[in-house]
Amino acid sequence: MNDQDVGVVAAGYDAVYGALPTSPTFHRLWRAHASGEDFPAGFDHISFLTLGEARTMADALALHAGDTLVDLACGMGGPGLWMARESGTKLIGVDISAVALAASRQRATDVGVADARFVQGSFAATGLDAGSADGAMSLDALQYAPSKQAAFTEIARVLRPGGRFVFEAFELDPARVAGLPVLGTDPVDDYTPLLEQAGLDGLRYEETPGWRERLTAAYQSIVDEKAALTAEMGEAAYGALAGEVTLTLQLQPYRRRIFASARKR
């Protein structure tokens with residue numbers, strides 16, 4: 001993915017993140033089909049993380065009060081802020097979207113997480129100091145990284161020895177995404193070898209239950225509610241959202257959605 005593609009992706013996310021606060025329909029649909037009705041209010045997100053998965057992730061990170069957690073592709077910051085509040089850790093969120101980062105800063109104030117900062121960066125270039133993090137997390141975003149190996153190498157660089165990286169991501173079917181922008185740039189059907197090459201020893205790697213049904217229901221609801229979502233979000237933001245949704249429903253590019261944890265050597 002070249003710089004122009006990165007700019008297009010960032011602009012699309014900026015449009016979506018800017019419109020989400022004005023769309024109660026999106027939040028209703030996402031809670032009903034993706035994140036679950038019991039996900040804590042104030043920490044909403046647009047990944048497929050459930051409250052049960054968030055608790056599993058928190059346990060796998062094994063962080064202590066005062067540790068530093070990095071949330072990569074943090075979006076509007078909800079899950080990372082929830083982790084920080086629950087564990088008493090410091091939080092650094094990294095994302096390419098300036099709009100998402102501004103929303104994250106406001107949300108940190110709203111939910112009372114004082115020791116949080118949010119910086120613009122990418123998977124491969126976080127701008128963070130080497131060995132500065134006790135743990136790192138990422139949710140349903142690594143499949144978009146232009147180079148997954150570069151992403152894991154950067155994560156390993158930022159982690160201290162023994163620090164853990166816990167993530168959920170989609171494995172791609174390379175044949176189904178061949179030639180596509182973004183998803184077709186570096187399609188990975190198994191992240192395990194890349195973790196090992198980056199110096200991250202795998203602890204868990206497993207498929208998340210029920211992911212395909214939740215994804216299909218959530219994405220189809222966005223297609224079905226086009227009129228309401230367009231009215232609330234605007235045509236540009238809905239178009240950016242619907243483009244990914246429609247492509248995913250048509251091509252079925254994902255093999256599995258996985259939960260993984262690894263520890264830096």
Side-chain angles (χ1 to χ4, degrees), residues 13 30-31 33-36 38-40 43-63 69-84 86-87 89 91 93-96 100 122-123 126 133 135-145 148-149 151-152 154-156 158-159 163-173 182-183 186-195 198 200-219 244-245 248 252-264:
Y13 278 117
W30 208 253
R31 291 182 74 85
H33 300 297
S35 63
D38 60 345
F39 203 88
F43 299 93
D44 301 289
H45 56 85
I46 59 171
S47 77
F48 287 87
L49 182 76
T50 65
L51 179 58
E53 289 174 351
R55 288 170 173 159
T56 299
M57 181 172 280
D59 289 342
L61 283 165
L63 294 170
L69 169 65
V70 173
D71 183 4
L72 295 152
C74 66
M76 297 173 74
L81 287 165
W82 182 86
M83 296 280 180
E86 294 297 299
S87 60
T89 56
L91 176 67
V94 180
D95 203 277
I96 63 171
S122 67
F123 277 113
T126 63
M137 60 180 278
S138 184
L139 295 170
D140 296 330
L142 270 163
Q143 66 272 7
Y144 302 121
K148 280 70 175 175
Q149 189 64 73
F152 289 136
E154 174 69 353
I155 290 161
V158 169
L159 283 172
R164 296 189 180 191
F165 175 44
V166 181
F167 67 97
E168 291 178 328
F170 290 95
E171 296 174 336
L172 288 158
D173 183 334
V182 186
L183 288 179
D186 180 30
V188 170
D189 59 6
D190 182 358
Y191 295 103
T192 305
L194 304 184
L195 290 166
L200 297 164
D201 293 327
L203 300 174
R204 288 178 63 179
Y205 193 94
E206 59 199 44
E207 187 171 10
T208 62
W211 70 267
R212 193 178 297 275
E213 293 79 9
R214 290 195 293 126
L215 181 147
T216 301
Y219 280 11
E244 177 183 345
V245 163
T248 302
Q252 297 293 312
Y254 299 135
R255 292 180 66 250
R256 301 190 300 171
R257 177 176 180 265
I258 57 93
F259 170 90
S261 63
R263 180 170 51 217
K264 182 178 178 179

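A quick note: this is a predicted structure, and the numbers were derived from the prediction, not measured. One is the number of the first residue; the rest follow in order along the sequence.
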Leu139 side chain near Met57 side chain, heavy-atom distance below 4.5 Å: yes
Listed partners of Glu168 passing side-chain hydrogen bond (donor to acceptor under 3.5 Å, both in side chains), at least two apart: Arg257
Within-4.5 Å side-chain heavy-atom neighbours: Tyr144 and Tyr13: yes
side-chain contact (heavy atoms from CB on, under 4.5 Å) between Asp44 and Arg31, intermediate numbers included: CA-CA 8 Å; Asp44 301 289; Arg31 291 182 74 85; 2.8 Å; yes
Heavy-atom donor-acceptor pair, Arg255 side chain to Asp173 backbone, under 3.5 Å: no
Spacing of Tyr219 atom OH and Glu244 atom CD [to the nearest 0.5 Å]: 4.5 Å
Heavy-atom side-chain proximity of Leu81 to Leu91 below 4.5 angstrom: yes
Heavy-atom pair of closest approach, residues Thr208 and Ile258: CG2-C, 4.0 Å
Shortest non-hydrogen separation from Ser47 to Trp30 and the atoms involved: O-NE1, 2.8 Å
Chi angles and distances behind the side-chain contact (heavy atoms from CB on, under 4.5 Å) call for Leu72, Phe167: CA-CA 9 Å; Leu72 295 152; Phe167 67 97; over 6 Å; no
Flag, side chain of Glu154 to backbone of Phe123, donor-acceptor distance under 3.5 Å: no
Heavy-atom side-chain proximity of Thr56 to Arg204 below 4.5 angstrom: yes
Residue pair Leu172 / Pro187: nearest heavy atoms and the distance that separates them: CD1-CA, 3.9 Å
Residues which pass side-chain hydrogen bond (donor to acceptor under 3.5 Å, both in side chains) with Asp201, listed by chain and number, not counting sequence neighbours: Arg265
Closest approach of Pro253 to Thr248 (non-hydrogen atoms, all atoms of both residues): CD-O, 3.5 Å
Side-chain heavy atoms of Arg212 within contact of Gln252, under 4.5 Å: yes
Any side-chain heavy-atom pair of Met137 and Pro79 under 4.5 Å: yes
His45 side chain reached by Trp82 side chain, heavy atoms, under 4.5 Å: no
Whether Arg214 side chain and Phe48 backbone form a donor-acceptor pair below 3.5 Å: yes
Test item: Lys264 side-chain N/O and Gly163 main-chain N/O as donor-acceptor pair under 3.5 Å: no
Heavy-atom donor-acceptor pair, Tyr191 side chain to Phe170 backbone, under 3.5 Å: yes
Beyond-backbone contact of Leu200 with Leu159, side-chain heavy atoms, under 4.5 angstrom: yes
side-chain contact (heavy atoms from CB on, under 4.5 Å) between Thr126 and Val70, intermediate numbers included: CA-CA 10 Å; Thr126 63; Val70 173; 5.7 Å; no
Verdict with reasoning, Ser261 to Arg164, per side-chain contact (heavy atoms from CB on, under 4.5 Å): CA-CA 7 Å; Ser261 63; Arg164 296 189 180 191; 5.9 Å; no
